[in-house]
Undergrad: 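So that we are looking at the same thing, I have put the structure below in structure tokens.
Any value given below was found using the heavy atoms of this structure, including those in side chains, with hydrogens, waters and symmetry copies removed. Within every chain, numbering begins at 1; the chains are lettered A, B, ... in the order of the sequence lines, protein sequences first and strands thereafter.
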Number of protein chains: 2
Amino acid sequence: MTQSRSKYDSGCPVAYALDIFGDRWSLLVIRDMAVKGARTYGELLAGWEGISTNILAQRLKQLEAAGIVTKAKDPDNGRSYVYALTEKGRDLAPVLIEIALWSGRHNPAAHAMTGFLDKIEADRQGAEARMRAGELP
Amino acid sequence: MTQSRSKYDSGCPVAYALDIFGDRWSLLVIRDMAVKGARTYGELLAGWEGISTNILAQRLKQLEAAGIVTKAKDPDNGRSYVYALTEKGRDLAPVLIEIALWSGRHNPAAHAMTGFLDKIEADRQGAEARMRAGELP
DNA sequence: GTTTTTACTTGCAAAATGCAAGTCCTCGTG
DNA sequence: CACGAGGACTTGCATTTTGCAAGTAAAAAC
């Protein structure tokens, strides 16, 4: 509830996308699932940036409503749920990759990641395929 | 003032980028400059989605501080300023393109733009080059 | 010299965010 | 099977950000 659908929708595809992940955290959650393999609420909560628990819960609901992630009971652990990216969510791989490459090109303090980013740049198709397949690059 | 630099910086390139344009409006401003050719405050204010004037002013300041846009006096009109994308800003073209293509693939109501997006998909290099050059696609 | 244009500020209500502290199951153990 | 611990969230505010409306300042036009 608290529907936020198409609040700013103008017909522009960029605006459609921002309606879904145009905020501080949504893309980071998607990144944690796509490149870090995070699957549970706890794993997402322990991400690199420290999202707070209420925001994470809200974002997961929104992303689920937008068809980016699914939520299912963990068959092996009754108190746990497994979040997963849908095809629509995995298909954000190229967006994440372009954002990361842009940062690598323009963030003067991106030394730590350069090896990683160089590898992605050298084989973008492969990196994208691996991300889509859920194999951490 | 009200420094927001690296508030959430974790070293991740995605987080670096979101620090700069991870909000509701920044990318739309960049889009208006990159694909609509908006150059003045007034043109940006009259964008497709209706940003409010105080937010626009603040975003322009942040984007300028982040090296994405420049602001200069209009030599032909003393009361006007000309905003322009820097190389760093123009280099966001691939990000905008991937976002738009993703929306085209997954927004069921994206009929109006399909012709446009198909053209981009058919010649991504060209579309990117044209956006970079400031030629509206 | 008065009115318009252009580019912003300012004020304030409403919404979103962030932190800390619960709550509600479920599982593992004695 | 009681009991503590784990996992996934809510709930309650204080703080921050957003958004609308209105106001200001300086250059152009008339």
Undergrad: Do any pairs count as a salt bridge (charged side-chain N to carboxylate O under 4.0 Å, His left out) and have a residue in residues 97-113 of chain B, sequence neighbours left out, and if so which ones?
TA: A:D91-B:R105, B:E98-B:R124
Undergrad: What is the distance, to the nearest angstrom, from the CZ atom on B:R59 to the C1' atom on D:dG19?
TA: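 Taking CZ of B:R59 and C1' of D:dG19, I get 11 Å after rounding.
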Undergrad: Taking salt bridge (Lys or Arg N to Asp or Glu O under 4.0 Å) as the test, write out the residues that go with B:E43, two or more places apart.
TA: none
Undergrad: Which residues satisfy the salt bridge (Lys or Arg N to Asp or Glu O under 4.0 Å) test with A:D118, sequence neighbours excluded?
TA: none
Undergrad: For residues 79-86 of chain A, run the donor-acceptor check on the side chains, cut-off 3.5 Å, and write out each pair with its distance to 0.1 Å, sequence neighbours left out.
TA:
unit_1 : atom_1 : unit_2 : atom_2 : d
A:R79  : NE     : A:N77  : OD1    : 3.4
A:T86  : OG1    : A:G67  : O      : 2.6
A:T86  : OG1    : A:I68  : O      : 3.1
A:T86  : OG1    : A:K88  : N      : 3.3
A:T86  : OG1    : A:G89  : N      : 3.1

Undergrad: Please give, in whole Å, the distance from D:dT10 C1' to A:L56 CG?
TA: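 Taking atom C1' of D:dT10 as the reference, CG of A:L56 is at 13 Å.
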Undergrad: Rounding to a whole Å, what distance do you find between A:I51:CD1 and C:dT17:C1'?
TA: 10 Å
Undergrad: Between protein and nucleotides 4-13 of chain C, map the contacts as a letter string: B base, S sugar-phosphate only, - none, heavy atoms under 4.0 Å, written 5' to 3'.
TA: BBSSBBBB--
Undergrad: Could you check how far CH2 of B:W25 sits from P of D:dG19, rounded to whole Å?
TA: 6 Å
Undergrad: How many Å lie between CG on B:L28 and C1' on D:dG19, as a whole number?
TA: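 Rounding to the nearest Å, CG of B:L28 and C1' of D:dG19 are 15 Å apart.
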Undergrad: Taking only residues two or more places apart in sequence, or in another chain, which ones meet B:D74 in a side chain to side chain donor-acceptor pair (under 3.5 Å)?
TA: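 So B:D74 forms no side chain to side chain donor-acceptor pair (under 3.5 Å) with any residue.
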Undergrad: Using whole Å, what does the distance between atom P of nucleotide C:dC27 and atom NZ of A:K73 come to?
TA: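 Spelled out: NZ on A:K73 to P on C:dC27 is 10 Å.
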Undergrad: How long is the line joining CD1 of A:I55 and P of D:dC13, in whole Å?
TA: 17 Å
Undergrad: Check whether any side-chain heavy atom of B:W48 sits under 4.5 Å from a side-chain heavy atom of B:R31, and report yes or no.
TA: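 In contact.
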Undergrad: Let me know the distance between CD of A:Q62 and P of D:dC9, rounded to the nearest Å.
TA: 15 Å
